[in-house]
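All values below come from the heavy atoms of this structure, side chains included, with hydrogens, waters and symmetry mates left out. The structure presented is a predicted model; accordingly, all values stated were derived computationally and were not measured.
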Amino acid sequence: MNIKIICVGKIKEKFYNQAVEEYVKRLSRYCKLKIIEVADEKTPDNASAAMNSAIKLKEGQRIQSCIESNEYVIALCIEGKQLDSVELSNQINQLGIEGKSNITFVIGGSLGLAQTVVERADFCLSFSKMTFPHQLMRVILLEQIYRAYKIIQNEPYHK
């Protein structure tokens with residue numbers, strides 16, 4: 001299975017980078033993982049709705065330039081469907097059974113995802129109704145992908 005994570009912006013904090021590196025190492029047993037960072041746009045304070053839309057559109061174009069036509073795209077967005085860990089593992093496993101071996105997760109920037117990215121997605125996933133920093137979301141997503149593979153393999157993992 002090939003898992004790709006496309007995310008807006010770079011991780012600046014060392015502790016987030018360390019967590020990402022740990023899950024990348026752990027996941028190497030289960031899948032081929034690729035993380036692509038696209039540039040984020042600076043959002044001025046008190047930006048207008050039109051400015052925010054333009055920023056999301058630019059970031060969305062960068063994201064879409066990294067998506068191949070054969071990829072099953074899962075967009076992380078607050079309006080998406082909430083799954084528990086077992087349901088996510090079942091979905092990943094089922095995609096593999098169906099021959100969909102290229103799964104791409106997309107994490108937007110601080111303003112979220114452009115509508116064009118959401119429309120391209122095959123599935124929209126929400127981790128919560130709460131908003132998380134996109135840097136932390138990368139760590140949470142990697143942990144849940146790792147947990148999904150542990151569940152698929154019927155291997156023990158802390159609860």
Side-chain angles (χ1 to χ4, degrees), residues 1-40 59-114 116-159:
M1 181 75 68
N2 299 305
I3 302 284
K4 179 164 60 174
I5 299 173
I6 303 171
C7 32
V8 176
K10 295 190 176 298
I11 291 183
K12 297 167 185 74
E13 288 85 359
K14 184 178 178 180
F15 59 92
Y16 285 140
N17 272 319
Q18 289 171 331
V20 167
E21 289 169 9
E22 178 62 28
Y23 284 110
V24 167
K25 183 176 81 176
R26 290 181 186 193
L27 279 164
S28 67
R29 293 185 50 210
Y30 303 103
C31 64
K32 183 178 177 193
L33 178 68
K34 182 177 187 179
I35 298 175
I36 297 174
E37 296 174 332
V38 299
D40 56 344
E59 291 175 348
Q61 290 168 339
R62 291 180 187 135
I63 289 167
Q64 289 195 270
S65 72
C66 300
I67 298 173
E68 303 293 328
S69 62
N70 68 333
E71 294 173 349
Y72 185 90
V73 177
I74 300 174
L76 275 61
C77 50
I78 204 163
E79 310 82 18
K81 182 173 180 176
Q82 291 185 13
L83 303 177
D84 64 29
S85 298
V86 172
E87 290 170 327
L88 180 60
S89 71
N90 288 339
Q91 184 173 15
I92 290 171
N93 193 43
Q94 186 61 38
L95 288 169
I97 290 168
E98 294 171 2
K100 296 174 183 162
S101 59
N102 297 303
I103 302 174
T104 297
F105 290 89
V106 181
I107 303 172
S110 60
L111 298 174
L113 290 170
T116 55
V117 175
V118 173
E119 290 169 1
R120 165 57 182 92
D122 297 290
F123 185 78
C124 291
L125 176 65
S126 172
F127 276 77
S128 173
K129 290 182 180 181
M130 292 184 257
T131 302
F132 297 102
H134 56 278
Q135 296 177 2
L136 176 59
M137 196 63 236
R138 194 179 317 181
V139 175
I140 294 170
L141 174 61
L142 286 165
E143 190 281 334
Q144 284 299 301
I145 295 169
Y146 175 68
R147 184 180 295 272
Y149 277 107
K150 296 293 269 186
I151 292 168
I152 290 166
Q153 298 296 322
N154 202 25
E155 295 175 353
Y157 187 55
H158 63 82
K159 299 189 185 214

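Looking at every heavy atom in both residues, Cys77 comes nearest to Cys124 through SG-CB, 3.6 Å. The two residues Cys7 and Ile35 make their nearest non-hydrogen contact at SG-CG2, 3.9 Å. In this structure, Ala75 and Ala121 approach most closely via the heavy-atom pair CB-CB, 3.7 Å. Closest non-hydrogen pair, Val139 versus Tyr16, comes out as CG2-O, 3.9 Å. Phe132 approaches Ile140 most closely through the heavy-atom pair CD2-CD1, 4.3 Å. Heavy atoms only, all atoms of each residue included: Cys66 and Glu71 are closest at O-OE1, 4.1 Å.
To the nearest 0.5 Å, atoms CZ (Phe105) and CD1 (Ile74) are separated by 4.0 Å. Distance CD/Gln91 to CG/Leu88: 6.5 Å, rounded to 0.5 Å. Between atom NE2 of residue His134 and atom CD of residue Glu37 there is a gap of 9.0 Å, rounded to the nearest 0.5 Å. Summarising the geometry, atom CE belonging to Met1 is positioned 6.5 Å from atom OG belonging to Ser101; distances are rounded to the nearest 0.5 Å. The distance from atom OG of Ser28 to atom OH of Tyr146, rounded to the nearest 0.5 Å, is 10.0 Å. In this structure, CD1 on Ile11 lies 11.0 Å from CD on Gln18, to the nearest 0.5 angstrom.
Using a cutoff of 4.0 Å between basic side-chain nitrogens and carboxylate oxygens, Arg29 and Glu155 are scored as salt-bridged. Between Glu143 and Lys150 there is no salt bridge, since no side-chain N of the basic residue sits under 4.0 Å from a carboxylate O of the acidic one. Look at Arg26 and Glu22 and you find a salt bridge, because one of the NZ, NE, NH1 or NH2 atoms lies within 4.0 Å of a carboxylate O, short of that distance.
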May I have the step-by-step check of side chain to side chain contact (heavy atoms under 4.5 Å, CB included) for Ile151 and Asn90, ending in yes or no?
-> CA-CA 9 Å; Ile151 292 168; Asn90 288 339; 5.6 Å; no

When you look at Val106 and Val117, which way does the side chain to side chain contact (heavy atoms under 4.5 Å, CB included) test go after all the steps?
-> CA-CA 9 Å; Val106 181; Val117 175; 4.0 Å; yes

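Take Gln64 and apply the side chain to side chain donor-acceptor pair (under 3.5 Å) test, not counting sequence neighbours, and it matches Thr116. Listed by chain and residue number, Tyr149 satisfy the ring-ring contact (aromatic ring centres under 6.0 Å, His included) test with Tyr30 (two or more places apart in sequence, or in another chain). Asn2 pairs by the side chain to side chain donor-acceptor pair (under 3.5 Å) definition with Asn102, not counting sequence neighbours. Partners of Asn93 according to the side chain to side chain donor-acceptor pair (under 3.5 Å) rule, which considers only residues two or more places apart in sequence or in another chain, do not exist here. Evaluation of the side chain to side chain donor-acceptor pair (under 3.5 Å) rule for Lys32 yields no partner, not counting sequence neighbours.
Looking at heavy atoms from C-beta onward, Val20 lies in side-chain contact with Arg138 at the 4.5 angstrom threshold. Counting only heavy atoms from C-beta outward, the side chains of Tyr23 and Leu33 never approach each other to under 4.5 Å. Using a 4.5 Å heavy-atom threshold, the side chains of Thr131 and Ile78 count as touching. Using a 4.5 Å heavy-atom cutoff, the side chains of Val8 and Ile107 are not in contact. Side-chain atoms of Leu113 and Leu76, non-hydrogen and from C-beta on, never get closer than 4.5 Å to each other. Proximity of Lys81 to Phe123: side-chain heavy atoms (C-beta onward) are separated by under 4.5 Å at one or more points. Side-chain atoms of Ile103 and Leu95, non-hydrogen and from C-beta on, do get closer than 4.5 Å to each other. Within the 4.5 Å cutoff, the side chain of Lys4 has heavy atoms near those of the Ile6 side chain.
Pairs passing the salt bridge (charged side-chain N to carboxylate O under 4.0 Å, His left out) check and including a residue from residues 95-106, sequence neighbours excluded, read Glu98-Lys100.
Side-chain N/O atoms of Gln144 and Ser85 include a donor and acceptor closer than 3.5 Å.
More than 12 heavy atoms of other shown residues, nucleotides or ligands fall within 6.0 angstrom of atom NZ in Lys12.
Note that Arg147 lies outside the cation-pi zone of Tyr157, set by a 6.0 Å cut-off to the ring centre and a 45° limit from the axis.
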